[in-house]
Amino acid sequence: MSELTMSRSERETFLADLHVGVITVARDGQAPLAAPVWYRYQPGGDVLFDCAAASEKIKLLERSGQASLCVQNDVMPYKYVTVEGPIVVGHADDELQRSLAHRYLGPQVGDIYLVSVSDTARRVVRLTPTRWRTTDYTALAARLMAAARA
């Protein structure tokens, strides 16, 4: 294992932290669709997110049956986790939608957001991670900083 590769515990903790994910799904004859999503993950479980039922994302996810999700730190030390695997699209889940809105916007603004999208039909996507890719530049950044000070 490279010093840049996260352990299982590190990668699951990182994925469970608050990040905006980018979901990627195949498109016939075109580049894959990549789009940001709010998501929820608990170590050892599936990644859950929801989308508008009429969205291109949902149509492509249902057709493909698989997807990738990438989350990253955008400040030093850079880190990322990508998971890929099969997906299942299910019916709307008010509890998931509420938990995502509160997770990303806080309870007060999250509730206002929920009212503003209450007439939008939603679908839940469950991605089961079967392949992980990770990079964590923390150790390398520390070595470079130490060398710069020397």
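Numbers here simply count residues along the sequence, with the first being 1.
- Asp50 places none of its side-chain heavy atoms less than 4.5 Å from the side chain of Asp93.
- For the atom pair CD1 (Ile87) and CZ (Phe49), the distance works out to 7.0 Å, reported to the nearest 0.5 Å.
- When side chains are defined from C-beta on, Leu114 does not count as touching Asp94, because their heavy atoms never get closer than 4.5 Å.
- Annotation: side chain of Arg123 is not in contact with side chain of Cys51 (no heavy-atom distance under 4.5 Å).
- Here the side chain of Thr13 pairs a donor or acceptor atom with the backbone of Ser9 at under 3.5 angstrom.
- For Thr130 (side chain) and Glu84 (main-chain N/O), a donor-acceptor pair under 3.5 Å exists by modelled atom type.
- With rounding to the nearest 0.5 Å, the separation of CG in Leu33 from NZ in Lys59 is 12.0 Å.
- Leu4 CG to Tyr80 OH: the interatomic distance, rounded to the nearest 0.5 Å, is 9.0 Å.
- Salt bridge annotation for Glu10-Lys79: absent, with no cationic side-chain nitrogen under 4.0 angstrom from a carboxylate oxygen.
- For Trp132 and Phe14, the distance between ring centers is not under 6.0 angstrom.
- Annotation: side chain to side chain donor-acceptor pair (under 3.5 Å) contacts of Arg63 (sequence neighbours excluded): none.
- For Gln108, the CD atom counts as loosely surrounded, since its 6.0 Å shell holds 12 or fewer non-hydrogen atoms of other residues, nucleotides or ligands.
- If you take CE on Met6 and CZ on Arg133, they are separated by 14.5 Å, rounding to the nearest 0.5 Å.
- Within the 4.5 Å cutoff, the side chain of Asn73 has heavy atoms near those of the His19 side chain.
- Residues Val83 and Val71 are not in side-chain contact: their nearest non-hydrogen atoms beyond the backbone lie 4.5 Å or more apart.
- In terms of the side chain to side chain donor-acceptor pair (under 3.5 Å) criterion, Tyr39 has no residue partners (sequence neighbours excluded).
- By the criterion of side-chain heavy atoms lying less than 4.5 angstrom apart, applied directly or through intervening Ile, Leu, Val, Met, Phe, Trp or Tyr residues, Val109 is grouped together with Trp38 in one hydrophobic cluster.
- Residues Val37 and Lys57 meet the side-chain proximity criterion, which asks for heavy atoms closer than 4.5 Å.
- Side-chain atoms of Thr134 do not come within 3.5 Å of backbone N or O of Arg11 as any donor-acceptor pair.
- Taking the side chain as every heavy atom from C-beta outward, Tyr137 and Met76 never approach each other to under 4.5 Å.
- In this structure the side chain of Pro129 reaches within 4.5 angstrom of the side chain of Asp46, judged on heavy atoms.
- With sequence neighbours excluded, no residue satisfies side chain to side chain donor-acceptor pair (under 3.5 Å) with Gln72.
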